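For clarity, every value in this text was computed on a predicted model and none was experimentally measured.
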Amino acid sequence: MKNCSFFLAATCVSIFTLAASADDWPQWRGPQRDGISKETGLLKEWPKVGPKLLWQTKDIGDGYSTPAVIGERLYLISNKGQDNEFVHALSAKDGKPIWSAKLGKVGPNVKKANYPGSRSTPTVDGDLTYALGSDGDLVCVKTADGGEVWRKNLRDDFAGKPGLWAYSESPLVDGDRVVVSPGGKDATLVALDKRKGTVVWKCPIEGGDAAAYASIIIVEVGGVKQYVQFLQYGLVGIEAKTGKFLWRYDKTGTGSLANIPTPVAKGPYVYSGAGKSGGGLVKLTADNEKVSAEQVYFKVNLPTSIGGSIL
């Protein structure tokens with residue numbers, strides 16, 4: 001999809017400039033990963049001719065990434081050809097490039113439905129930015145200038161198993177950790193020290209789910225903080241502190257080749273869904289250190305295919 005990143009960048013800057021008070025969007029689906037903005041002063045309706053175009057740029061590459069926006073900069077991932085994938089910082093004022101850092105090559109895609117290209121949204125955390133390339137290159141760079149701090153490859157370092165359309169997840173930063181989903185049987189999820197890249201814990205999940213295409217969210221129930229992720233075979237919960245596997249809900253992952261939407265949570269409730277299965281809600285219950293997931297409802301005709309669900 002040529003110049004996809006350019007269209008996203010132009011639209012994003014137009015919207016954020018119209019706001020009366022800026023609200024940073026440092027990662028995939030915003031500050032809380034729930035798709036909700038706390039911006040105020042937005043227009044109640046678009047002008048008939050549309051919002052004023054402030055700038056556009058056409059030479060930042062291809063792909064499917066969405067931007068993170070912090071202050072006067074926006075950050076996104078793009079690729080030029082199949083051997084060069086980058087994370088970029090651009091000026092939110094005029095779209096001019098500030099820095100660019102190489103991630104790796106574009107990850108392989110299933111041949112029958114080939115959509116190669118960059119996918120993930122960078123996660124900006126103060127002086128460091130984290131970007132996951134579609135071939136599994138997880139890179140930490142300095143937010144100021146893009147200088148590389150450390151890197152891992154999810155396949156080479158953790159025997160990771162991506163989905164058929166390569167890695168698409170956006171890294172989660174939680175406290176002093178960055179958490180991602182290599183997939184596979186050895187480290188289905190992994191937590192790393194965010195400044196050094198060293199392993200804090202690995203979580204091997206029985207069945208060795210592929211990574212799929214969703215991104216991890218944080219859910220706390222009964223005093224148990226957990227990372228919830230939608231993997232290839234279903235929704236799972238992992239204890240945040242130790243990486244201990246807690247629970248699985250398979251219904252929304254059954255029969256689907258592409259589990260894409262990031263889960264949505266409210267209190268003990270978590271919603272997930274995929275295009276070939278349906279949408280379902282589970283209620284989590286904590287009993288000491290054990291957490292169980294009970295289905296509240298499941299409907300095959302709920303809108304689930306690509307994502308965009310909000311509370």
Side-chain angles (χ1 to χ4, degrees), residues 1-16 25-29 53-70 73-124 129-141 143 145-146 148 151 153-155 160 162-171 180 211-215 257-262 275 305-308:
M1 183 176 289
K2 297 297 183 182
N3 294 328
C4 176
S5 297
F6 139 63
F7 287 113
L8 287 168
T11 303
C12 176
V13 172
S14 296
I15 292 172
F16 275 80
W25 201 259
Q27 62 177 333
W28 168 244
R29 285 174 64 81
L53 179 63
L54 300 179
W55 57 262
Q56 57 182 278
T57 180
K58 299 181 179 181
D59 59 355
I60 55 175
D62 306 325
Y64 308 93
S65 174
T66 64
V69 182
I70 300 288
R73 293 184 180 185
L74 62 87
Y75 305 82
L76 75 161
I77 299 174
S78 64
N79 63 282
K80 294 184 178 180
Q82 300 303 296
D83 294 324
N84 295 286
E85 194 166 351
F86 300 85
V87 55
H88 304 268
L90 305 177
S91 168
K93 182 179 179 180
D94 54 21
K96 292 182 179 179
I98 298 172
W99 55 255
S100 180
K102 185 171 181 178
L103 299 177
K105 63 181 182 179
V106 173
N109 278 233
V110 60
K111 292 182 179 179
K112 291 183 179 180
N114 196 22
Y115 298 97
S118 56
R119 284 157 156 66
S120 305
T121 297
T123 300
V124 184
T129 294
Y130 303 85
L132 177 62
S134 59
D135 200 38
D137 295 290
L138 176 63
V139 181
C140 170
V141 300
T143 303
D145 58 14
E148 185 171 315
R151 71 165 51 227
N153 183 276
L154 302 193
R155 292 196 297 179
L164 296 175
W165 290 274
Y167 283 105
S168 300
E169 176 182 25
S170 301
V180 290
Y213 313 98
S215 295
L257 288 176
N259 295 341
I260 298 172
T262 293
S305 185
I306 298 298

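- Residues satisfying the salt bridge (charged side-chain N to carboxylate O under 4.0 Å, His left out) test with Arg155, not counting sequence neighbours, are Asp135.
- Taking the side-chain hydrogen bond (donor to acceptor under 3.5 Å, both in side chains) definition, one finds that Lys102 meets it with Asn84, sequence neighbours left out.
- Residues meeting the side-chain hydrogen bond (donor to acceptor under 3.5 Å, both in side chains) test with Ser215, sequence neighbours left out: none.
- Residues forming a side-chain hydrogen bond (donor to acceptor under 3.5 Å, both in side chains) with Thr129 (at least two apart in sequence, or on another chain): Thr143.
- Shown here for Glu85 and Arg119, the closest heavy-atom pair between the two residues is OE2-N, 4.2 Å.
- A distance of 11.0 Å separates CG of Leu74 from NE2 of His88, quoted to the nearest 0.5 Å.
- The side-chain hydrogen bond (donor to acceptor under 3.5 Å, both in side chains) test applied to Asp94 returns Ser91, not counting sequence neighbours.
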Show your reasoning for whether side-chain contact (heavy atoms from CB on, under 4.5 Å) applies to Leu154 and Val180. CA-CA 9 Å; Leu154 302 193; Val180 290; 3.9 Å; yes

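- Rounded to the nearest 0.5 angstrom, Leu103 CG and Asn153 CG are separated by 11.0 Å.
- Closest approach of Ala68 and Val124 over heavy atoms only: CB-CG2, 4.3 Å.
- Evaluation of the side chain to side chain contact (heavy atoms under 4.5 Å, CB included) rule for Ile260 yields Tyr213, Ala258, Ile306 as partners, not counting sequence neighbours.
- With sequence neighbours excluded, the residues forming a side chain to side chain contact (heavy atoms under 4.5 Å, CB included) with Ala211 are Tyr167, listed by chain and number.
- Summarising the geometry, atom CG belonging to Leu164 is positioned 9.0 Å from atom CG belonging to Asn109; distances are rounded to the nearest 0.5 Å.
- Shortest non-hydrogen contact noted between Leu132 and Ser120 is O-OG, 3.2 Å.
- In terms of modelled atom types and a separation under 3.5 Å, the side chain of Asn79 and the main chain of Ser118 share a donor-acceptor contact.
- Nearest heavy atom pair, residue Tyr130 against residue Cys140, reads CE2-SG, 3.6 Å.
- In this structure, the separation between OG1 on Thr123 and CD on Glu169 is 9.0 Å, given to the nearest 0.5 Å.
- Residues Val106 and Gly81 share a closest heavy-atom pair of CG2-O, 3.7 Å.
- For the pair Lys80 and Ile60, the tightest heavy-atom approach, listed with the atom from each and the gap, is CE-C, 4.1 Å.
- Distance check, rounded to the nearest 0.5 Å: OG of Ser168 to CG of Asn259 gives 12.0 Å.
- Of the residues Tyr75, Trp28, Tyr64, the one that meets the side-chain contact (heavy atoms from CB on, under 4.5 Å) test with Thr121 is Trp28.
- One distance of note links CD1 of Ile77 with OG of Ser134; it measures 8.5 Å at 0.5 Å rounding.
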